[in-house]
Amino acid sequence: MNMPDSILEEIFIKRSQQKKKTSPLNFKERLFVLTQDKISYYDYDVDKGKRKGLKGYVDTEKIKCVAIVLSDDNTPPERLYPFQIIYDEGPLYIFAKSDQVRKQWIRELKNVIQSNKDLMQKFHPRFWEDGMWKCCKQEVKQAMGCRVTESKNGGFLNRDNKSISRKPLPPTPEEEKLPRPLPPQPPVPSGFSLGMTVIAEYEYTPMASHDLELRKDEEYTLLEINDPNWFRARDKYGNEGYIPSNYIAQALNGLEKYDWYCKNINRSQAENLLKTENKDGGFLVRDSGKFTGKYTVSVFTKVGGETVGNCRHYNICVNAQDQFYLAENHNFSTIPELIIYHQHNAAGLVSRLKHIVSNRTEHAPSTAGLGYGGWEIDPRQLTFIRELGNGQFGVVKYGKWQGRHDVAIKMVKEGSMSEDDFIEEAKVMMKLCHENLVQLYGVCTKQRPIYIVTEYLANGCLLNYLRDGLQHPTGIMLLEMCKDISEGMAYLEANQYIHRDLAARNCLVDSNGTIKVTDFGLSRYVLDDEYLSSAGSKFPVRWSPPEVLLYCKFSSKSDIWAFGVLMWEVYTLGRMPYERWNNTEIVEKISTGQRLYRPQMANERVYSLMMSCWHERADERPTFQDLVVIIKDLLFNM
Ligand code: ADP
Ligand code: MG
């Protein structure tokens, strides 16, 4: 049985710590239990599967570093995945059964110790053995580590630009595997198959004649999945039609329909969510680990009327009769029944489950077009409400479609766009559908001027938002913005779609503060020499890498350069890049290796991320998929 406060439990092999010179080196199986305060290890009866006596523990507040250990070539198979917990008595060496388990423990441990004082700057990547550090051959056990701990959880490849002349340190063990690219984004949302039962996560009212209504939490059967954005489905009454694929979820464990079930969140995200909600008895249910198939109830309490509350985590246990329980003697055949019981009875928990905390977005996402089918929109169904701004193609207005749906309408000034080419392209753009891209809904092409109809974002252009929309910008807020943009761009990159004009002026902000990228690929249809020629006054020189300025070579890597500049705009709250230089000076300085300075709000790691986007050689720059991983890792550690 799990202890109520345990974060993780696992049987590992532990190496003896040889605190005395004469004590033998041995390896024993121990049951390790991690809680917020301690990592304890117990003797373990393998036959009975039972925990026996406590053999030792380390207070988590004493831990100075957690890292993997590089194993030697002649390592026995059961000891292939070692890691170390360093505290004042030296390293505790533990051997996991798989790299996945090792990673999970390192991640959780780092999470627990993240605000410890005196976390180590350097450590030893190999074992202390036979009176010597295997890595650096030093013979004093207290000798300072020989590897720099790059990151609190190792996900960040630091490029230290200021010390190019210094011989770079060899990579740390964790670094050798990173950055680890994500698998490419599949064009069809993965996991769906014909005949599968799905659950509607949002209401959907049909917009086109072939659409099917979705009622939240009801089940539907998939009949056709050829179009990645629109599936054909049947409801339980036998009605059939098209539904937006981003409004449904697979019915995997039956918990999806409950608002308290938060899919895909980890312990620290759960704590953030609960703390933000700040209600006594606030709770949610999450997966205990990534692939464990177990669940944890996280509860927030303000015991005794404290102003700051804290979070408790209870694993949902299963007894021999396959019943679920949190506290003993209260067993249930399903998890929802267990939750209902504890909504009324604390029964051993710190509080009864009073208030559901959910990570679902309240607003339904945008659909790829207004209903299934064509991209042509009938202009008589549009109402114009007010002017939003003026751009390269003319006036942009806010309005309604069918009197109900918010839209932005670009009224394309005649002679400003190669229209036929654009209309052809619009069919492709319509299919690009991601929560960090401004959705193209359709076009009105039967009249002049033509209209481009898109999703409307209430907070307008990111550049203005940075300049005067932010009350008290924090590092986390700014990095969240960069994360949004990098995710939208990673989707474009995976679809081999080049933006060509990525900048803060081409990002918009919705009512929740989410950033979405807009105007992707549009620059190809601009009819204006000042904009098209790199010598022109409107060409985005300040966002362009050398290969674009010199040979007009656009690629996802030139988008990466622009992303770096956009990050810089974010961290300077909307300053003009290379403020005091004109275009000719910029081209000159960039080709001699000069770069933008570090904004005050950007720490070294954020700045080296920007700098990595400005590598002279395009193939040395990261991909957007790399950036997503790195930025999420930075956020995770803030
Ligand atoms: P163009 O791409 O033709 O140069 P923009 O897209 O820059 O035009 O639009 C001009 C202004 O209109 C923007 O700065 C922004 O303030 C506003 N705007 C454009 N599209 C939207 C939208 N979808 N939602 C809200 N505001 C928008
Ligand atoms: Mg624009």
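We count ligands from 1, going down the list as the structure has it; atoms in each ligand are counted the same way.
The shortest contact between atom 14 (O) of ligand 1 and any protein heavy atom is with C461 CB, 3.6 Å. The protein heavy-atom contact nearest to atom 18 (N) of ligand 1 is V396 CG1, 4.1 Å. Distance from atom 7 (O) of ligand 1 to its nearest protein heavy atom, with residue and atom name: D519 OD2, 4.3 Å. Protein heavy atom nearest atom 23 (N) of ligand 1, with residue, atom name and distance: E455 O, 2.8 Å. In terms of protein heavy-atom proximity, atom 1 (P) of ligand 1 is closest to Q392 N, 3.4 Å. The single protein non-hydrogen atom nearest to atom 21 (C) of ligand 1 is L508 CD1, 3.5 Å, given as residue, atom name and distance. The single protein non-hydrogen atom nearest to atom 24 (N) of ligand 1 is L457 N, 3.0 Å, given as residue, atom name and distance.
At a 4.0 Å heavy-atom cut-off, ligand 1 touches K410 through the side chain alone.
For the pair N436 (side chain) and I515 (backbone), a donor-acceptor distance under 3.5 Å is present. Judged by distance alone, the side chain of S533 and the main-chain N or O of D529 form no donor-acceptor pair under 3.5 Å.
Looking at ligand 1, you won't find any N or O of Y456 less than 3.5 Å from one of its N or O atoms. Taking any N or O of F393, backbone or side chain, at least one lies under 3.5 Å from an N or O belonging to ligand 1. For a threshold of 3.5 Å applied to N or O pairs, the pair formed by N390 and ligand 1 contains no separation below that value. No N or O atom of N464 sits closer than 3.5 Å to an N or O atom of ligand 1. Checked against a 3.5 angstrom limit, the closest N/O atoms of N506 and ligand 1 fall outside it. For a threshold of 3.5 Å applied to N or O pairs, the pair formed by G460 and ligand 1 contains no separation below that value.
Judged by a 6.0 Å distance limit and a 45° cone about the ring axis, R542 is not positioned over the six-membered ring of Y578.
Side-chain contact, N359 with Y261: no donor N or O sits under 3.5 Å from an acceptor N or O. Between E569 and W543, the side chains place a donor N or O and an acceptor N or O closer than 3.5 Å (distance only, hydrogens not considered). In this model, no donor atom of one side chain and acceptor atom of the other lie less than 3.5 Å apart for E435 and T514. Defined by atom type and a distance below 3.5 Å, a donor-acceptor pair is present between the side-chain atoms of R286 and S298. In the model, Y204 has a side-chain atom that pairs as donor or acceptor with a side-chain atom of D211 under 3.5 Å.
A salt bridge does not link K538 with D501: every distance from a Lys NZ or Arg NE/NH1/NH2 to an Asp or Glu carboxylate oxygen is 4.0 Å or more. Taking 4.0 Å as the cut-off between side-chain N and carboxylate O, K557 and D619 do not count as a salt-bridged pair.
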Full working for side chain to side chain donor-acceptor pair (under 3.5 Å) between Y242 and E224: CA-CA 9 Å; Y242 288 92; E224 199 185 295; 3.1 Å; yes

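When the heavy-atom distances from atom 17 (C) of ligand 1 to N459, L388, L462, D510 are ranked, the shortest goes to L388.
Between F520 and H499, the ring planes lie perpendicular to each other; the angle is over 60°, past the 30° to 60° tilted range.
Among heteroatoms of the N, O or S kind in D519, OD2 lies nearest the Mg ion (ligand 2).
Ligand-side atoms of ligand 1 in range of G389: 11 (C), 12 (O), range being under 4.0 angstrom from any heavy atom. Residue contact check: T454 has heavy atoms under 4.0 Å from atoms 23 (N) of ligand 1.
Among the backbone and side-chain atoms of N506, an N, O or S atom lies under 2.8 Å from the Mg ion (ligand 2).
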